[in-house]
Amino acid sequence: MLIPRPILDGIVAGDVTLAFRRWDRARAKAGSLHRTVVGLVAVDAVEVVRLADVTAADARAAGASTRADLLRFLRGRSGQVYRMRLRYAGADPRIALRSDAELTDADLAMLQTRLARLDAASRHGAWTREVLELIAANPARRAPDLAVIRGLPTQPFKTDVRKLKELGLTESLEVGYRISPRGQTYLAHVDRTAP
């Protein structure tokens, strides 16, 4: 679910507690967490509502200036109207993870195991170390440029990088990526222990 930045800021401040969307089927689930540029947004409830039942208070809680503005936004789309109750659920845990450069032997072993699984499951062969080293050598370089170097289309390359980001090894920049402090520690360990 895409949420514009002003609405995200309202969620963080506690001013925005609802979102409305027209969908052919529910695209969000109660109990889910969504990563956004401001942190985690929790979806506490999702329900189908009639357009006629959307109130002015609902519109304000969704960050709209007026009920008419919200209805204009919803009328331009097809499908049922879904109301979601939202709240700010805290900072993205990957931020703290990628800053944690003090890796124990157990941390390093866990990372090696996870990366080995990613390599083994890949349709394009072992890739994790090569991508980490590629990003380390090319910080802030566009993903399409890095994908060409890897010989992959952009989207599969980005999917691979997201897997590394989940482990706290990389971080996204305005353009491109860089190796996180955690990733630097991991790469230094791999370099030291390589045969």
Side-chain angles (χ1 to χ4, degrees), residues 1-100 135 139-144 146-147 153-183:
M1 170 175 54
L2 294 174
I3 306 172
R5 181 59 190 257
I7 300 298
L8 288 172
D9 292 339
I11 293 169
V12 172
D15 300 328
V16 173
T17 57
L18 296 177
F20 290 86
R21 297 290 188 274
R22 265 197 193 267
W23 290 322
D24 56 346
R25 61 182 170 77
R27 309 254 180 202
K29 274 181 22 181
S32 62
L33 288 174
H34 296 265
R35 288 194 181 109
T36 72
V37 296
V38 298
L40 299 175
V41 172
V43 178
D44 291 332
V46 178
E47 62 184 325
V48 175
V49 296
R50 293 182 327 136
L51 201 55
D53 293 336
V54 176
T55 67
D58 289 338
R60 285 190 302 280
S65 299
T66 65
R67 180 178 184 271
D69 287 343
L70 178 60
L71 294 182
R72 263 192 299 281
F73 168 74
L74 293 171
R75 282 197 178 112
R77 289 153 172 76
S78 61
Q80 295 181 307
V81 176
Y82 288 86
R83 176 174 52 207
M84 290 157 284
R85 187 157 310 282
L86 308 175
R87 66 181 163 79
Y88 179 64
D92 186 336
R94 295 176 301 180
I95 294 170
L97 183 63
R98 69 184 183 219
S99 299
D100 181 10
I135 292 170
R141 188 148 179 205
R142 293 175 57 243
L146 296 174
T154 301
Q155 201 50 56
F157 176 78
K158 285 181 163 186
T159 299
D160 285 348
V161 175
R162 271 195 293 277
K163 293 171 185 173
L164 298 173
K165 189 175 178 182
E166 287 296 317
L167 296 172
L169 300 173
T170 63
E171 55 187 290
S172 296
L173 303 172
E174 194 70 34
V175 174
Y177 314 97
R178 72 175 162 214
I179 296 297
S180 69
R182 181 182 183 86

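Fair warning: this is a prediction, and the values are worked out from it, not measured in the lab. Just so you know, residue 1 is the first one in the sequence shown, and it goes up from there.
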- What distance do I179 atom CD1 and L164 atom CG have between them, rounded to the nearest 0.5 Å? 7.5 Å
- Output for pair (R142 CZ, Y177 OH), nearest 0.5 Å, gives 11.0 Å
- Query: Between CZ of R50 and CZ of R83, what distance do you get to the nearest 0.5 Å?
  - Reply: 11.5 Å
- Check whether any side-chain heavy atom of D15 lies under 4.5 Å from a side-chain heavy atom of R60, and answer yes or no. no
- Examine distances only and state if a side-chain atom of Y82 and a backbone atom of A26 form a donor-acceptor pair shorter than 3.5 Å. yes
- Task: Going by the side-chain contact (heavy atoms from CB on, under 4.5 Å) test, name the single residue among R182, R98, K163 that passes it with L169.
- Result: R182
- Which value, rounded to the nearest 0.5 Å, describes the distance between D100 atom CG and S180 atom OG? 9.5 Å
- Locate the shortest heavy-atom distance separating F157 from A147; write the atom from each residue and the value. CB-CB, 3.7 Å
- Compare every heavy atom of D69 with every heavy atom of T66, then report the nearest pair and how far apart it is. OG1-N, 3.0 Å
- Note on the structure: Tightest non-hydrogen contact, residues Y88 and V12, listed as CD1-CG2, 3.6 Å
- Message: For R21 and M84: C-alpha separation, side-chain torsions, deciding distance, then whether side chain to side chain contact (heavy atoms under 4.5 Å, CB included) applies.
- Response: CA-CA 8 Å; R21 297 290 188 274; M84 290 157 284; 3.6 Å; yes
- Message: Does any part of the side chain of L40, heavy atoms only, come nearer than 4.5 Å to the side chain of P93, both counted from C-beta?
- Response: yes
- Item | Residues, nucleotides or ligands: over 12 heavy atoms within 6.0 Å of R67 CZ | yes
- Message: Minimum heavy-atom separation for A89 and L33, please, with both atom names.
- Response: CB-CD2, 3.7 Å
- Item | Shortest non-hydrogen separation from L86 to A19 and the atoms involved | CD1-CB, 3.5 Å
- Message: If we count only N and O atoms by modelled type, under 3.5 Å, do the side chains of S32 and H34 hold a donor and an acceptor together?
- Response: yes
- If you round to the nearest 0.5 Å, how far is OG1 of T17 from CG of D44? 10.0 Å
- Checking D58 side chain against T55 main chain: does a donor-acceptor pair fall under 3.5 Å? yes
- Query: Where do V81 and V48 land on the side chain to side chain contact (heavy atoms under 4.5 Å, CB included) test, with the steps shown first?
  - Reply: CA-CA 6 Å; V81 176; V48 175; 6.0 Å; no
- Close side-chain approach of R178 and T170, heavy atoms under 4.5 Å: no
- Nearest heavy-atom approach of A62 to F20 is CB-CD1, 3.9 Å
- Task: Tell me, yes or no, whether the heavy-atom count around R85 atom CZ, taken from other residues, nucleotides or ligands under 6.0 Å, exceeds 12.
- Result: no
- Query: Is the closest basic N to carboxylate O distance between E166 and R94 below 4.0 Å?
  - Reply: yes
- Item | Inter-residue atom distance I3.CD1 - I11.CD1, 0.5 Å rounding | 4.5 Å
- Task: Take K29 and V43, measure what side chain to side chain contact (heavy atoms under 4.5 Å, CB included) needs, and give me the verdict at the end.
- Result: CA-CA 7 Å; K29 274 181 22 181; V43 178; over 6 Å; no
